[in-house]
Amino acid sequence: MSADALFSMEGIPEGAVVPEPEGEAATEAAVERLGRRFARLDGQVRHALRRTRDHAGNLSSDRLQGLSEIVQNAEDLGATDVRILTRGQELLVAHNGSPVRLPDVLALAMPWLTSKAEQAESTGRFGIGLMTLQSLSPHLEVHCGHYRFRVGDPDIAVARPFPLPDWFAGDTWTVLRVPLEPGVLGADEVDAWLAEWGDSALLFLGSVGSVTHLDEQGRLRHRLALDRETGEPFKTVVGGQSADVETGEARAGDGSRWLICRTTVPSPSGITRSHKAVGSTTEIAVALPLGPDDAGRIYAGLPVADTALSLCISAQFDPIASRQALDDTLWNRALNELVGDLWTAAALWQFRRDPARAWRAVPLPGDMRDSRDPVAALERLLLDCARAGVSHGLVLDVPGYGPLGLDDLAVEDETLVGVITEEEISRVAERTAVLPKVARDEDGRWREVLADWENHDSAVPVTVDLYDALRLLDDETRSPQANIRLAAVGLASNIYSSLLSSRWLVDSSGGRHRVPRPAEPAVFTDAPRGLGASLGFSRESRHPPPRGPAAQRRERCPVPGLLVGPAG
């Protein structure tokens, strides 16, 4: 049964534009007529409609899913503000979007009918969305202007007026009322739901700026909102075509921040959507976390599914009916490819702006879930995009050198951090410069990402390991102190070959020596004295003597024949 078919029962030709009633009496009469027509439907049809509506509350495992559906509808209607009030035995939700029209009444009464099928830009798919409120109550009332109607049993009926605080909603606002049985829902549960949903739920909304939960005196209980700042746009290629990307930063009250990049591109050609129009263009967006909230989500306007990756993605995805997962459709797969291109460009943009934070958004194999669902497919696609696209396109601003790609850079092994200089790292690696410290995150994820990229033929810096670095012991320009630090790392790693073959020990005269072999009577001390000095095999070390309690005892190094400490 379509909306047009039902309207034709009122003498309106199927496919014709439905006239909007004027005035309170006419609007009430139109609702009553619809109710009577529903009552005359074939018994099996009415039974099927009621069963569908009654079971809508079981679609989602989240019994407050209906709240997100209201926010989504408010967004589609251009609302800027959504307010929630839990009082006594009712839940009230109000928004200031476009007012209710007669086709909207039908969409609520017929759960699988959508009033937005021809609106390609809207994210709602079925009229079933608001009916998930059946998990709270068998009835839903809508009050907007002259419209006052209840959906439930009977199917459509005129609702009675009820007292509403002036501070809760304006005269032109839409108010949805859910009657509740005692103990079904409390304000604390709504607060907890909003807290779990989080400010990031609003990341990709274009009009709704806040969702506010108020108490019965109008005081604030909980509020979701984001402060937004427009950034610098850039151009990239998405789906093989040039695209203008808008950027901005969103900030939540807890300090969480996101870089948001969005663009509008031609829709995938030759692909249709189920029960939804396809426009000539489609909007896609990604948000990279800037800390501290880095939870990943997939959105179809509002959150639909979680992802193990540290990023948020929005597109005109087709969700399943419960809106708790993505449907496995050709349309969604085509959108994934477009998202991959935009995400690659956004990651490269973030690496130029704040590289240390950018590593967190780069996928790693350990982030992938062992699943075949559409979200897992998107995660694997982005992992490939990081390896093939981000690694080769990544450019970092290196002080003194300007923008350089990863192939022009070098990095030191973890064992060499603070042991050799940046100049030595680049010299040993024969690269222009070293990956700047400002481009490294404190958690060391950058090393994990580069290790993964190196294993998949991606662009990476040259890594200087300990074996490479020990060649520096032959550099006569290095200070004895620098050689001692480097040699200590070699000793700790049980690497003796380079230590034994290089002249890295320096005496007080500046002479350079290899490590004494076991058969060679030689000892390096802080001062020549005692038997070693008398027999002539004591050499005065050029490096500073050890301090503290260790200076009072002789220490034997792991290299045979080298004795370091005061000679007695």
Side-chain angles (χ1 to χ4, degrees), residues 203 230-250 257-265 283-291 294 296 307 309-315 335-364 367 378-399 401-409 411 431-441 445-454 456-461:
L203 270 175
T230 302
E232 180 184 356
F234 66 89
K235 286 184 175 292
T236 190
V237 174
V238 177
Q241 300 191 43
S242 177
D244 296 315
V245 180
E246 299 175 358
T247 73
E249 185 173 307
R257 299 186 298 129
W258 297 265
L259 167 69
I260 301 177
C261 299
R262 68 173 74 236
T263 189
T264 300
V265 296
E283 183 179 283
I284 54 176
V286 299
L288 306 184
L290 305 178
D294 60 358
T307 171
L309 307 187
S310 181
L311 71 145
C312 298
I313 297 169
S314 178
L335 288 184
N336 282 354
E337 298 293 333
L338 300 178
V339 166
D341 289 345
L342 178 60
W343 176 83
T344 300
L348 293 174
W349 181 256
Q350 178 62 3
F351 269 111
R352 293 298 300 269
R353 295 172 68 252
D354 190 355
R357 296 184 187 275
W359 299 105
R360 189 67 191 92
V362 179
L364 286 171
D367 300 330
L378 177 55
E379 293 171 350
R380 291 190 293 271
L381 172 66
L382 295 183
L383 178 63
D384 292 339
C385 288
R387 292 166 173 170
V390 176
S391 74
H392 290 284
L394 198 158
V395 175
L396 297 172
D397 286 322
V398 181
Y401 297 95
L404 294 175
L406 291 182
D407 287 333
D408 299 318
L409 300 175
V411 295
R431 287 297 183 269
T432 304
V434 175
L435 183 74
K437 287 183 171 55
V438 295
R440 309 179 184 195
D441 64 300
R445 187 177 176 89
W446 67 274
R447 288 191 183 275
E448 298 179 65
V449 171
L450 292 181
D452 176 64
W453 288 356
E454 187 173 13
H456 292 85
D457 299 324
S458 306
V460 292

(request) Could you grab the distance from atom CG of Leu259 to atom CG of Leu288, nearest 0.5 Å is fine? (result) 5.0 Å

(request) Sequence neighbours left out, what passes side chain to side chain contact (heavy atoms under 4.5 Å, CB included) with Asp367? Give chain and number order. (result) Leu309, Leu364, Arg445

(request) Kindly write out the residues that satisfy ring pair (Phe, Tyr, Trp, His ring centres under 6.0 Å) with Trp349, not counting sequence neighbours, or none if the list is empty. (result) Phe234

(request) Would you name the heavy atoms of Ser391 and Ala459 that are closest together and state the gap between them? (result) OG-N, 3.2 Å

(request) Return the minimal non-hydrogen interatomic distance between Ala439 and Trp359, and the atom names on each side. (result) O-NE1, 2.6 Å

(message) Please enumerate all residues that pass salt bridge (Lys or Arg N to Asp or Glu O under 4.0 Å) together with Arg440, with sequence neighbours excluded.
(response) Glu412

(request) Can you measure from CG (Leu409) to CZ (Arg431) and round to the nearest 0.5 angstrom? (result) 9.5 Å

(message) Under the rule for side-chain hydrogen bond (donor to acceptor under 3.5 Å, both in side chains), what residues qualify as partners of Asp244, not counting sequence neighbours?
(response) Lys235

(request) Please report the shortest heavy-atom distance between Pro363 and Leu383, naming the atom on each side. (result) O-CD1, 3.5 Å

(request) Using side chain to side chain contact (heavy atoms under 4.5 Å, CB included) as the criterion, list what pairs up with Ser310, not counting sequence neighbours. (result) Pro289, Asp294, Arg360

(request) Under the side chain to side chain contact (heavy atoms under 4.5 Å, CB included) rule, collect the residues that match up with Val395, sequence neighbours excluded. (result) Arg352, Pro403

(message) Is it the case that the side chain of Asp341 and the backbone of Gly239 share a donor-acceptor pair, with hydrogens and angles ignored and the cut-off at 3.5 Å?
(response) yes

(request) Show your reasoning for whether side chain to side chain contact (heavy atoms under 4.5 Å, CB included) applies to Leu382 and Ile313. (result) CA-CA 11 Å; Leu382 295 183; Ile313 297 169; 3.7 Å; yes

(message) If I take atom CG from residue Leu378 and atom CG from residue Leu335, how far apart are they, to the nearest 0.5 angstrom?
(response) 10.0 Å

(request) Determine, step by step, whether Leu394 and Trp453 satisfy the side chain to side chain contact (heavy atoms under 4.5 Å, CB included) criterion, reporting the C-alpha distance in whole Å, the side-chain angles of both residues, the deciding distance to 0.1 Å, and the verdict. (result) CA-CA 12 Å; Leu394 198 158; Trp453 288 356; 4.2 Å; yes

(request) Assess whether side chain to side chain contact (heavy atoms under 4.5 Å, CB included) is satisfied between Ile260 and Thr247, documenting all intermediate values. (result) CA-CA 6 Å; Ile260 301 177; Thr247 73; over 6 Å; no

(message) Would you say that more than 12 heavy atoms from the other residues, nucleotides or ligands in this model lie under 6.0 Å from the CD of Glu246, or not?
(response) no

(request) Go through the structure and list residues passing side chain to side chain contact (heavy atoms under 4.5 Å, CB included) with Arg257, not counting sequence neighbours. (result) Glu249, Arg251, Leu290, Arg357

(request) For Val398 and Ala433, work out which heavy atoms get closest and say how close. (result) CG1-CB, 3.8 Å

(request) Output all residues satisfying side-chain hydrogen bond (donor to acceptor under 3.5 Å, both in side chains) with Glu448, sequence neighbours left out; order by chain, then residue number. (result) none

(request) Would you sort out whether Val238 and Ile284 count as a side chain to side chain contact (heavy atoms under 4.5 Å, CB included), showing the intermediate values? (result) CA-CA 10 Å; Val238 177; Ile284 54 176; 4.0 Å; yes

(message) My understanding is that only residues two or more places apart in sequence, or in another chain, count here; which of them pass side-chain hydrogen bond (donor to acceptor under 3.5 Å, both in side chains) with Glu379?
(response) Thr307, Arg369

(request) May I ask you to decide if Trp446's main-chain N or O and Asp441's side chain share a donor-acceptor pair within less than 3.5 Å? (result) yes

(message) On a heavy-atom basis, which atom in Leu342 and which in Val286 lie closest, and how many Å separate them?
(response) CD2-N, 4.1 Å

(request) Provide the full list of salt bridge (Lys or Arg N to Asp or Glu O under 4.0 Å) pairs with a residue in residues 380-389, sequence neighbours left out, each pair given once. (result) Arg387-Asp452

(message) Is any side-chain heavy atom of Trp343 closer than 4.5 Å to one of Leu381?
(response) no

